[in-house]
Amino acid sequence: MLVVCLDLEGVLMPEVWIEVAERTGIPELRITTRDEPDYGKLMRYRLDILDANGLTIDDITDVIEGMQPLGGAVEFLDWLRSNWQVIVLSDTFSQFAGPMMEKLDRPTLFCHSLVIDEESRRIADWTIRLENQKCRAVEALRAMNFNVIAIGDSYNDTSMLAAANTGILLNPPQNVTDEFPQHPVATDYTELRAAIEQAASAIGE
């Protein structure tokens with residue numbers, strides 16, 4: 001049996017922090033895992049900026065409520081789910097994910113959680129469900145004799161791509177393409193569908 005694992009932001013939805021940067025006018029929040037591979041360092045940087053500007057979880061979720069899936073993402077995901085099992089593996093947080101999952105017809109999602117100060121509504125910290133959870137989820141699936149195709153766009157996806165039978169990059173930045181040339185690159189959902197079909201056929205699914 002084949003399971004397709006895919007990242008959320010940059011693959012199905014816009015990048016939350018880039019959207020927040022646009023809405024708040026704080027360009028420093030545009031930095032993502034495409035730019036900084038150390039996720040802990042990146043999150044501490046983000047939370048320090050939120051605190052410095054008095055932004056709360058409610059400000060972030062207001063932005064997310066207004067976000068829409070990437071063009072063609074819903075149709076692509078519908079096609080994918082009609083053919084294989086699908087799991088979204090994301091470094092987003094459960095408090096962010098609700099509105100996004102609703103717009104994607106609620107695929108299965110594994111992600112992390114935020115620690116919210118309920119009085120001030122500031123984001124105090126974050127809780128990682130499992131270190132390197134994307135890669136470890138793929139490894140666990142393969143240990144249960146599932147074949148896995150993994151799809152991502154950024155540094156924090158590359159370990160799960162390496163752990164899968166086949167890893168595919170969707171619209172990655174040039175630095176990721178250059179550093180991980182072993183993974184095929186798709187530039188849109190049409191190319192991605194073709195790459196998935198080819199990979200599924202090669203592993204007999």
CA sep, side-chain torsions, deciding dist, call: D78, E75, side-chain contact (heavy atoms from CB on, under 4.5 Å):
CA-CA 5 Å; D78 287 346; E75 294 79 6; 5.5 Å; no

Applying side chain to side chain donor-acceptor pair (under 3.5 Å) to T24 and N53, what does each step give before you reach the verdict?
CA-CA 9 Å; T24 61; N53 288 273; over 6 Å; no

Apply side-chain contact (heavy atoms from CB on, under 4.5 Å) to residues V74 and D105 and explain how you reach the verdict.
CA-CA 8 Å; V74 173; D105 197 24; over 6 Å; no

With side-chain contact (heavy atoms from CB on, under 4.5 Å) as the test, would you mind laying out the steps for L169 and V176 before giving the verdict?
CA-CA 9 Å; L169 287 163; V176 174; 4.1 Å; yes

I would like to know whether V16 and V63 meet side-chain contact (heavy atoms from CB on, under 4.5 Å); could you show each step before the answer?
CA-CA 8 Å; V16 166; V63 173; 5.9 Å; no

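Across all their heavy atoms, G167 and P184 have their closest contact at O-CD, 3.2 Å. Considering every non-hydrogen atom in both T177 and P172, the closest pair reads OG1-CG, 3.2 Å. In terms of heavy atoms, L161 sits closest to I168 at CD2-O, 3.7 Å. Taking every heavy atom of both residues into account, K134 and N156 meet most closely at NZ-ND2, 3.3 Å. For the pair Q85 and M1, the tightest heavy-atom approach, listed with the atom from each and the gap, is CG-SD, 4.0 Å. Of all non-hydrogen atoms in M100 and I64, the two that sit nearest each other are CG-CG2, 3.9 Å.
Residues I203 and L141 are members of separate hydrophobic clusters, defined by side-chain heavy-atom contacts under 4.5 angstrom among Ile, Leu, Val, Met, Phe, Trp and Tyr. Tracing side-chain contacts under 4.5 Å through hydrophobic residues (I, L, V, M, F, W, Y), one never reaches L109 starting from L89; they form parts of separate clusters. When the side chains of ILVMFWY residues are joined at heavy-atom separations under 4.5 Å, either directly or via intervening members, L12 and W79 end up in a single hydrophobic cluster. Hydrophobic clustering, with ILVMFWY side chains joined whenever heavy atoms are under 4.5 angstrom apart, keeps V88 apart from L130. Two different hydrophobic clusters hold V3 and V86 under the rule that ILVMFWY side chains link at heavy-atom gaps under 4.5 Å.
With values rounded to the nearest 0.5 angstrom, F93 atom CZ is found 14.0 Å from T61 atom OG1. To the nearest 0.5 Å, atoms CE (M101) and CE (M13) are separated by 7.5 Å. Residue E9 holds its CD atom at 6.5 Å from CE of M67, rounded to the nearest 0.5 Å. Of the inter-residue distances, the one linking L77 atom CG with S82 atom OG reads 10.0 Å to the nearest 0.5 angstrom. In this structure, T92 OG1 and L8 CG are separated by 6.5 Å, a value rounded to the nearest 0.5 Å. Here the straight-line distance linking atom CG of D153 with atom CG of L6 works out to 10.5 Å at 0.5 Å rounding.
Under 4.0 Å is where a charged nitrogen must lie from a carboxylate oxygen, and between R46 and E28 no such pair does. In this structure, D58 does not pair ionically with R122, as no charged nitrogen and carboxylate oxygen lie closer than 4.0 Å.
For E197, the CD atom sits in a packed shell: over 12 heavy atoms of surrounding residues, nucleotides or ligands are nearer than 6.0 Å. More than 12 non-hydrogen atoms from other residues, nucleotides or ligands lie less than 6.0 angstrom from CD of Q182.
Classification of the F180-Y155 ring pair by plane angle, with boundaries at 30° and 60°, yields perpendicular.
For the pair I49/W17, no side-chain contact is recorded, criterion being any heavy-atom separation below 4.5 Å from C-beta on. No side-chain heavy atom of Q133 sits less than 4.5 Å from a side-chain heavy atom of M160. Between E15 and E19 there is no side-chain heavy-atom pair separated by less than 4.5 Å. Within the 4.5 Å cutoff, side-chain heavy atoms of H112 are placed close to those of D91.
With N165 contributing its side chain and I149 its backbone, the two residues share no donor-acceptor pair below 3.5 Å.
Just one residue in the list I57, D59, L55, D51 forms a side-chain contact (heavy atoms from CB on, under 4.5 Å) with I123, and that residue is I57.
Donor-acceptor pairing under 3.5 Å is recorded for the side chains of Q174 and D178. Between the side chains of N132 and S159, a donor-acceptor pair is found at a separation under 3.5 Å.
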